[in-house]
A.B. asks: 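Take this structure, written in structure tokens, and hold onto it; I'll ask about it next.
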Amino acid sequence: MAGFKRGYDGKIAGLYDLDKTLGRGHFAVVKLARHVFTGEKVAVKVIDKTKLDTLATGHLFQEVRCMKLVQHPNIVRLYEVIDTQTKLYLILELGDGGDMFDYIMKHEEGLNEDLAKKYFAQIVHAISYCHKLHVVHRDLKPENVVFFEKQGLVKLTDFGFSNKFQPGKKLTTSCGSLAYSAPEILLGDEYDAPAVDIWSLGVILYMLVCGQPPFQEANDSETLTMIMDCKYTVPSRVSKECKDLITQMLQRDPKRRASLEEIENHTWLQGVDPSPATKYNIPLVSYKNLSEEEHNSIIQRMVLGDIADRDIIVEALETNKYNHITATYFLLAERILREKQEKEIQTRSASPSNIKAQFRQSWPTKIDVPQDLDNDFTASPLTHGAVPQSPARSAENVLNGHRSKALNVSAKKEDIPELAGSTLSVVPSVNLKP
């Protein structure tokens with residue numbers, strides 16, 4: 001590993017060995033890194049705060065705030081936030097299999113539907129969880145879905161345009177990527193938050209089974225027209241049930257779009273496990289999922305390693321801090337659980353249903369929403385670039401100089417704290433692969 005390099009703040013020195021650059025954007029660089037105490041590999045998103053204006057800083061705050069809220073096996077985990085005078089470091093879970101756009105581009109006529117179901121169900125599961133916490137993503141696209149091959153999962157990443165919403169109250173910020181954006185966002189209208197994510201889910205499913213976007217013309221103007229007219233063609237090879245689900249999501253009128261509950265209960269998705277990640281304890285979404293013996297063992301190792309005293313470790317876990325103490329705890333815990341799982345899987349000869357029962361972690365039917373999130377940074381992903389160019393990468397975002405007059409709405413303040421109005425990506429989607 002390259003270790004600490006000039007230009008990186010002292011706060012990260014000794015905690016992480018920074019290695020090669022995995023991707024870069026206008027304000028950020030994503031680096032491969034090794035957590036010194038545990039030896040675990042992570043992705044570090046380094047954001048240069050000196051290049052951010054007030055609007056960009058506000059959206060960066062929203063990204064961190066929402067990532068703290070959403071802890072789910074199908075969402076890339078935020079381990080730690082290190083805030084310095086000039087840099088912000090987001091320590092993130094490292095994907096090992098590339099992004100979904102690259103994967104789709106290797107399948108000219110799309111994936112077979114059984115495989116498409118497996119991945120799509122996981123994305124729906126993650127978004128359903130976000131919406132129950134009143135978090136809208138607003139930039140759903142295959143480029144923001146990452147493969148974790150060793151875990152056999154896909155995970156949602158890049159919450160740069162995410163925001164909290166209140167049911168029944170509309171949002172006003174126009175953001176996202178042209179080929180995946182709902183018509184009401186492109187018009188600059190006020191919009192229902194969950195409905196815009198559902199439109200994007202429809203685009204993702206179309207791409208999974210067809211191998212190309214439903215709305216991608218020679219230029220952005222033509223693409224915009226196709227989206228506004230909701231004009232697309234589903235190939236005859238796609239099953240009737242799958243076509244019906246796509247149609248229910250790609251509705252011009254947001255009130256006519258399928259709800260997440262209707263999507264989850266649709267005929268096409270029956271028979272597929274929507275949450276295979278919950279068979280396992282990795283990633284660990286809460287220290288409470290560990291046995292008392294495992295919990296105490298990890299704390300003892302941290303105390304002996306001079307990370308912190310026991311009381312400080314326990315306090316950091318109980319108050320949901322995103323500091324080096326909690327990052328070390330979870331990285332250690334996940335390594336222990338991963339080794340334990342590997343041994344059990346090798347020796348177990350039980351049926352798949354029994355394995356599922358053995359490994360399924362307790363997943364809450366009622367979601368407890370943290371009431372107090374620190375109003376600071378300390379209280380994405382991350383895959384590799386591809387050829388051919390994705391619609392999101394070629395046009396970047398709908399607001400990046402490609403919008404017609406109708407799309408450039410004046411800034412309005414949303415009810416949920418957000419620096420609203422037409423937005424650029426604070427940290428452009430950076431793709432990485434280890």
Side-chain angles (χ1 to χ4, degrees), residues 100-101 104 109-110 113 116 120 123-124 127 131 136-145 161 170-264 266-269 390-392 394-399 402-409 422:
M100 182 169 279
F101 180 82
I104 291 171
E109 295 190 347
E113 290 192 20
F120 186 70
I123 300 168
V124 170
I127 287 300
H131 286 192
V136 60
H137 189 279
R138 297 196 295 191
D139 198 21
L140 291 177
K141 54 190 177 185
E143 297 88 332
N144 287 341
V145 179
F161 285 138
K170 295 186 182 294
L171 300 184
T172 58
T173 301
S174 299
C175 57
S177 303
L178 177 60
Y180 307 100
S181 292
E184 59 269 29
I185 281 192
L186 301 179
L187 284 173
D189 294 341
E190 292 185 340
Y191 56 88
D192 176 64
V196 300
D197 276 353
I198 286 170
W199 173 278
S200 300
L201 286 174
V203 177
I204 291 173
L205 179 54
Y206 183 100
M207 290 185 68
L208 280 169
V209 296
C210 300
Q212 60 185 11
F215 312 106
Q216 187 179 15
E217 299 305 312
N219 57 62
D220 290 344
S221 178
E222 292 179 11
T223 299
L224 176 62
T225 300
M226 297 295 283
I227 294 172
M228 300 311 299
D229 293 342
C230 203
K231 271 177 100 171
Y232 63 94
T233 303
V234 180
S236 59
R237 64 179 179 273
V238 176
S239 70
K240 178 182 177 182
E241 292 81 6
C242 184
K243 182 178 179 180
D244 179 70
L245 180 54
I246 292 171
T247 302
Q248 288 191 38
M249 291 184 284
L250 295 182
Q251 288 288 324
R252 174 70 175 77
D253 182 354
K255 292 179 181 178
R256 297 182 60 188
R257 273 174 224 153
S259 65
L260 278 167
E261 184 178 1
E262 289 169 337
I263 294 168
E264 291 169 327
H266 193 275
T267 306
W268 187 72
L269 279 176
S390 79
S394 59
E396 284 235 349
N397 299 304
V398 286
L399 302 168
H402 296 296
R403 290 188 128 198
S404 66
K405 215 173 184 184
L407 307 182
N408 289 313
V409 295
S422 298

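Only this structure's heavy atoms are used, side chains among them; waters, hydrogens and symmetry mates stay out. What you see is a predicted model, and the numbers here were worked out from it, not measured in a lab.
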A.B. asks: Evaluate the criterion side-chain contact (heavy atoms from CB on, under 4.5 Å) for residue pair F120 and L269; output intermediate values, then yes/no.
C.D. replies: CA-CA 9 Å; F120 186 70; L269 279 176; 4.2 Å; yes
A.B. asks: Of the non-hydrogen atoms in P142 and I204, which two are nearest, and what is the gap between them?
C.D. replies: CD-CG1, 4.0 Å
A.B. asks: Flag the pair S259 / E264 as yes when at least one side-chain heavy-atom distance between them is below 4.5 Å, and no otherwise.
C.D. replies: no
A.B. asks: If you round to the nearest 0.5 Å, how far is CD1 of I198 from CG of L250?
C.D. replies: 11.5 Å
A.B. asks: Got a second to check how far M249's CE is from L260's CG, nearest 0.5 Å?
C.D. replies: 10.0 Å
A.B. asks: For the CD atom of Q216 and the OH atom of Y180, what is their distance to the nearest 0.5 Å?
C.D. replies: 7.5 Å
A.B. asks: Of all the heavy-atom pairs spanning A193 and L171, show the shortest one and how long it is.
C.D. replies: CB-CD1, 3.8 Å
A.B. asks: Side chain of D197, backbone of H137: donor and acceptor closer than 3.5 Å?
C.D. replies: yes
A.B. asks: Between T223 (side chain) and E217 (backbone), is there a donor-acceptor pair under 3.5 Å?
C.D. replies: yes
A.B. asks: Between S177 and D139, does the side-chain contact (heavy atoms from CB on, under 4.5 Å) criterion hold? Intermediate values first, please.
C.D. replies: CA-CA 7 Å; S177 303; D139 198 21; 3.1 Å; yes
A.B. asks: Checking the side chain of R257 only, and the main-chain atoms of Q251 only, is there a donor and an acceptor separated by less than 3.5 Å?
C.D. replies: yes
A.B. asks: Identify the two heavy atoms, one from G202 and one from I246, that lie closest to each other, and give their separation to 0.1 Å.
C.D. replies: O-CG2, 4.4 Å
A.B. asks: Just distance, no hydrogens or angles: give the donor-acceptor pairs under 3.5 Å from side chains in residues 224-236, sequence neighbours left out.
C.D. replies:
from	atom 1	to	atom 2	distance (Å)
T225	OG1	S221	O	3.1

A.B. asks: At what distance, to the nearest 0.5 angstrom, does CD1 of I127 lie from NE2 of H131?
C.D. replies: 5.0 Å
A.B. asks: Could you tell me whether the side chain of W199 reaches within less than 4.5 Å of the side chain of L140, counting heavy atoms only?
C.D. replies: no
A.B. asks: State, yes or no, whether a side-chain contact exists between L205 and V209 at a heavy-atom distance under 4.5 Å.
C.D. replies: yes
A.B. asks: How about CZ on R237, more than 12 heavy atoms from neighbouring residues, nucleotides or ligands closer than 6.0 Å, or not?
C.D. replies: yes
A.B. asks: Hey, what do you get for CD (E109) to CD (Q212), rounding to the nearest 0.5 Å?
C.D. replies: 10.0 Å
A.B. asks: If I compare all heavy atoms of Y206 with all of P213, which pair ends up nearest, and what's the gap?
C.D. replies: CE2-C, 3.7 Å
A.B. asks: Which heavy-atom pair separates A195 from E184 by the least distance, and what is that distance?
C.D. replies: CB-OE2, 4.3 Å
A.B. asks: Between C175 and R138, what is the shortest heavy-atom contact and its length?
C.D. replies: SG-NE, 3.6 Å
A.B. asks: Would you say that L208 contacts M100 through its side chain, given a criterion of any heavy-atom pair below 4.5 Å between the two side chains?
C.D. replies: yes
